[in-house]
Visitor: 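This is the structure, below, for whatever I ask next.
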Amino acid sequence: MCAATLDGSPALTAAFYERPVLEVARELIGCTVEHAGAAGVIVETEAYHDSEPACHAFVGVTPRTRTLFGAPGRAYVYRSYGIHAMLNAVCEPEGVGAAVLIRALEPLSGIESMRARRGLAETARVEELCSGPGKLAQALGVTLEQNASSLSSGPVRIGPRPPEWADPPILDGVRVGISRAVELRWRFCVAGNRNVSRPWPPASGRADAARR
DNA sequence: CATGGGATTGACT
DNA sequence: GTCAATCCCATGC
């Protein structure tokens, strides 16, 4: 399938995702995500792979991780802390449990619906809408119902980098909010982008660079 | 079947 | 800086 995205570009196909998850995590930066009339550019991602214990797939195939081990190019959506939905893109060949967590977006369109779904006032800054994995899922209206749906032809679509995002400045760092495999630098984000979920690089010149 | 722990966020001291 | 909300699911009895 080569279904179109909002701007007319064909959505990324399964072949894009059927590669090493670290490559995909890096290359998804600058790509677009859309759902329910809203869209944004991906500015922060994290990679997860069944070979390391921070990944849900580390425990093997269970009802929860079946999507992770399934076909690449599908959405893996799960609930975090009983409250938030987390949107991931399943990667690597079927049988490998790997995914890219989409952690932040720069809003592109549907800003008003994002604000409404986030329950924010019209005066809320655009940077508040999608600057975190739970926030962007809420802003786009993504729920667990979209788990296992195709990112090429389903309700949630990921498109290629727009021309102005052809070569974004990408920084890597350690992943956020996990307690195992904390040393892996499997987080990627756009340098200096204000929609990134945490100050990156650390705002001040203090010695907290090594903390996370 | 009971329990415990989150790939987070927002409110509050 | 601290902390609670809240639900899915993996694990262990």
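What you are looking at is a predicted structure, and each value in this text was computed from that prediction instead of being measured. Quick note on labels: first sequence line is chain A, next is B, and so on, each numbered from 1.
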Visitor: With the side chain of A:Tyr76 defined as its heavy atoms from C-beta on, choose the nearest nucleotide among B:dT9, B:dG6, B:dA7.
Guide: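 Nearest nucleotide to the side chain: B:dA7.
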
Visitor: Considering every strand shown, what is the Watson-Crick or G-U wobble mate of C:dT6 when both distances are under 3.5 Å?
Guide: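 Paired with C:dT6, as far as the under-3.5 Å criterion goes, is no nucleotide at all.
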
Visitor: Given atom CZ of A:Arg198 and atom P of C:dG1, what is their separation to the nearest angstrom?
Guide: 11 Å

Visitor: I'd like to know if the side chain of A:Ser153 and the backbone of A:Ser150 have a donor-acceptor N/O pair within less than 3.5 Å.
Guide: no

Visitor: For residues A:Asn195 and A:Val43, report the shortest heavy-atom separation together with the two atoms involved.
Guide: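 The pair with the smallest heavy-atom distance is CB-CG2, 4.0 Å.
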
Visitor: Quick check with a 6.0 Å cut-off and a 45 degree axis cone: is A:Arg19 positioned over the face of A:Phe16's six-membered ring?
Guide: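 Yes, cation above the ring, under 6.0 Å and within 45°.
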
Visitor: Are A:Tyr48 and B:dA7 stacked, counting the six-membered base ring, centres under 5.5 Å, planes under 30°?
Guide: yes

Visitor: Pick base, sugar-phosphate or nothing for A:Leu101, based on heavy-atom distances below 4.0 Å to the nucleic acid.
Guide: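 Touches a base.
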
Visitor: Could you give the CZ-to-C1' distance, from A:Arg103 to B:dT9, as a whole number of Å?
Guide: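 After rounding, the gap between these two atoms is 11 Å.
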
Visitor: Taking CG from A:Leu144 and C1' from C:dT6, how many angstroms apart are they, rounded to a whole number?
Guide: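 Atom CG in A:Leu144 sits about 13 Å away from atom C1' in C:dT6.
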
Visitor: Whole angstroms only, please: what is the CZ-P distance between A:Arg79 and C:dC8?
Guide: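 Rounding to the nearest Å, CZ of A:Arg79 and P of C:dC8 are 6 Å apart.
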
Visitor: Taking all non-hydrogen atoms of both residues into account, name the closest pair between A:Arg157 and A:Ala4 and its distance.
Guide: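 Between these two residues, the closest heavy atoms are NH1-O, 2.9 Å.
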
Visitor: Looking at A:Glu122 and A:Arg115, does any basic side-chain N land under 4.0 Å from a carboxylate oxygen?
Guide: no

Visitor: Report the distance from atom CG of A:Asn147 to atom P of B:dA7, rounded to the nearest whole Å.
Guide: 16 Å

Visitor: For the pair made of OH in A:Tyr81 and P in C:dC7, what is the distance, rounded to whole Å?
Guide: 16 Å

Visitor: Hunt down the Watson-Crick or G-U wobble partner of B:dA7, both distances under 3.5 Å, from any strand shown, or write none.
Guide: none

Visitor: Check the phosphate of B:dG6 against A:Ser80, side-chain N and O only, distance under 4.0 Å to OP1 or OP2. Yes or no?
Guide: no

Visitor: What is the separation between atom CZ on A:Arg118 and atom P on B:dT8, rounded to the nearest whole Å?
Guide: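 Taking atom P of B:dT8 as the reference, CZ of A:Arg118 is at 14 Å.
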
Visitor: Return whichever of A:His84 or A:Arg64 has its heavy-atom-nearest nucleotide of DNA chain C closer to the 5' end.
Guide: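 Residue closer to the 5' terminus by nearest nucleotide: A:His84.
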
Visitor: Using whole Å, report how far CD1 of A:Ile178 lies from P of B:dG5.
Guide: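 Roughly 18 Å, once rounded to whole Å.
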
